[in-house]
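Submitted below is the structure of interest, expressed as structure tokens.
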Amino acid sequence: MSSATEIQALAEAPGYHARRTLPLRVEAIRQLRRRRTLLMGGVLAALPFILIIAFAVGGTPGGGEGGGGGGSRINLMDVATESAANFAATCLFVSAGFLLVVPVALFCGDTVASEASWSSLRYLLAAPVPRARLLWSKLVVALGFSLAAMVLLPLVALGAGAVAYGWGPLKLPTGGALTSSDTVPRLALVVAFVFVSQLVTAGLAFWLSTKTDAPLGAVGGAVGLTIVGNVLDAVTALGTWREFLPAHWQFAWADALQPDLEWGGMVKGAAVSVTYALILFALAFRGFSRKDIVS
């Protein structure tokens with residue numbers, strides 16, 4: 001369907017109001033009922049319990065066994081069972097590099113491409129739903145579900161960790177501890193930064209979703225490009241050029257788990273991620289507004 005056809009349909013619709021088409025509530029309910037949403041939520045909710053079982057079977061983490069992953073990872077694992085807050089921080093650390101990338105790519109990459117694969121996209125536009133309104137509704141809901149996924153993990157980890165290890169101060173890998181009153185705000189800041197850092201993946205997935213009729217292609221492409229970014233960040237020969245890669249700042253939230261909160265790395269990382277994301281979202285809206293919809 002061309003834009004000219006859509007404009008004509010809009011003009012012939014009595015009492016038509018663009019803002020009343022495809023309400024966010026309707027789109028959210030549609031996405032919530034999908035099997036992949038429930039499956040993704042189940043996987044994230046199960047992760048803390050899997051780690052608790054692993055710690056129970058393997059013993060108290062620590063000692064730097066395994067050697068890989070760098071000192072910060074070993075230290076975080078060393079204090080993973082000290083309290084519910086430590087356990088939640090550890091769950092975020094082990095999942096931020098890849099596991100939390102998947103729901104973002106899934107929710108943002110599947111949203112438009114799935115409609116095209118079902119041949120329902122042209123009927124939505126013929127309803128008539130303006131293209132910008134359709135993209136906006138789907139993007140807001142997709143980002144909302146992505147944020148919900150990132151909130152779900154630490155919430156379940158805090159609850160499960162409180163039962164398994166008790167509630168207490170967050171013991172820092174570098175020594176010292178955060179008081180109980182500071183723990184929740186610091187973890188909330190961590191979640192917020194992880195969400196902002198994943199906006200690049202969201203932008204990639206959403207842009208690809210407007211370019212293809214294959215949902216798996218959009219999701220897989222976003223995950224693949226994110227992995228490529230992580231690989232490039234590991235190439236130390238790039239020097240300071242790595243600072244322009246979103247992957248370079250993905251663990252800058254560790255600065256929030258310090259006695260004195262450090263903002264430098266998180267601010268730089270957020271600026272890089274938001275810049276890339278805005279460009280990708282703009283490309284998605286611009287390209288979709290000119291695209292002939294035939295599916």
Side-chain angles (χ1 to χ4, degrees), residues 1 3 6-7 9-45 100-156 188 191-192 194-196 198-199 201-213 215-216 218-219 222 274 277-278 280-289 291 293 295:
M1 174 180 293
S3 298
E6 295 165 25
I7 293 173
L10 294 178
E12 295 175 355
Y16 172 80
H17 295 284
R19 293 184 179 181
R20 295 180 183 177
T21 60
L22 197 61
L24 294 179
R25 176 180 56 83
V26 173
E27 178 64 17
I29 292 174
R30 291 178 66 219
Q31 298 301 326
L32 183 61
R33 290 176 177 176
R34 295 191 58 186
R35 185 176 301 174
R36 51 92 160 149
T37 303
L38 301 176
L39 178 62
M40 197 70 252
V43 170
L44 292 173
L100 289 180
V101 173
V102 176
V104 176
L106 182 64
F107 293 137
C108 294
D110 181 72
T111 181
V112 179
S114 62
E115 298 284 359
S117 68
W118 299 332
S119 297
S120 59
L121 185 57
R122 56 183 173 179
Y123 296 109
L124 274 175
L125 295 176
V129 179
R131 297 191 181 203
R133 174 67 183 181
L134 183 141
L135 287 188
W136 174 254
S137 296
K138 288 188 172 294
L139 178 59
V140 170
V141 171
L143 291 178
F145 274 90
S146 300
L147 178 59
M150 295 181 189
V151 173
L152 175 64
L153 177 61
L155 280 181
V156 174
V191 172
V194 172
F195 174 72
V196 172
Q198 294 297 340
L199 287 177
T201 301
L204 278 170
F206 193 70
W207 175 60
L208 291 173
S209 186
T210 63
K211 305 298 279 186
T212 179
D213 294 350
L216 288 179
V219 175
V274 170
L278 289 177
L280 289 166
F281 290 144
L283 288 174
F285 275 83
R286 183 177 183 272
F288 192 74
S289 66
K291 182 179 180 181
I293 306 300
S295 56

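Please read these numbers as outputs of a predicted model, since none were measured by experiment.
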- Item | Any donor-acceptor N/O pair, T210 side chain to W207 backbone, under 3.5 Å |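 Yes, because the side chain of T210 sits within donor-acceptor range (under 3.5 Å) of the backbone of W207.
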- Nearest 0.5 Å please: distance from the CG atom of L204 over to the CG atom of L280.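 If we round to the nearest 0.5 Å, L204:CG and L280:CG are 5.0 Å apart.
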- Item | Rounded distance (nearest 0.5 Å) linking atom CG of D110 with atom CD of E115 |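 D110 atom CG to E115 atom CD measures 9.0 Å (nearest 0.5 Å).
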- Evaluate the side-chain proximity of V156 to L44: yes if any heavy-atom separation is below 4.5 Å, no if none is.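 L44 vs V156: side chains apart.
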- Message: Using only atom types and a distance under 3.5 Å, with no angle test, would you say the side chain of S137 pairs donor to acceptor with the backbone of R133?
- Response: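 Answer holds: yes.
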- Interatomic spacing from CZ in F107 to CE in M40 - rounded to 0.5 Å: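 F107 CZ to M40 CE: 7.0 Å, rounded to 0.5 Å.
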- State whether the number of non-hydrogen atoms from other residues, nucleotides or ligands found under 6.0 Å of L38 atom CG is greater than 12.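 Buried by this count: over 12 neighbours within 6.0 Å.
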- Ignoring hydrogens and angles, tell me if any N or O in the side chain of T37 forms a donor-acceptor pair with the backbone of Q31 under 3.5 Å.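 Confirmed, T37 side chain pairs with Q31 backbone.
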- Item | Side-chain (S209) to main-chain (A113) donor-acceptor, under 3.5 angstrom |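 Yes, because the side chain of S209 sits within donor-acceptor range (under 3.5 Å) of the backbone of A113.
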- Could you give the distance from SG (C108) to CG (L208), rounded to the nearest 0.5 Å?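 Answer for the SG-CG pair, C108 versus L208, is 11.5 Å.
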- Query: Parallel, tilted or perpendicular for F281 and F206, by the 30°/60° rule?
  - Reply: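 F281 and F206: perpendicular rings.
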- Can you tell me how far the CG atom of L199 sits from the CG atom of L278, to the nearest 0.5 Å?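 Here the interatomic distance stands at 8.5 Å.
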- Task: Check whether more than 12 heavy atoms from other residues, nucleotides or ligands sit under 6.0 Å from atom CZ of R34, and answer yes or no.
- Result: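 Above 12, so yes.
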- Task: Measure across A202 and L143 and return the closest heavy-atom pair with its distance rounded to 0.1 Å.
- Result: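 Closest approach of A202 to L143: CB-CD2, 3.8 Å.
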- Roughly how far, to the nearest 0.5 Å, is the CG atom of L32 from the CZ atom of F145?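 Rounded to the nearest 0.5 Å, the CZ-CG separation comes out at 4.5 Å.
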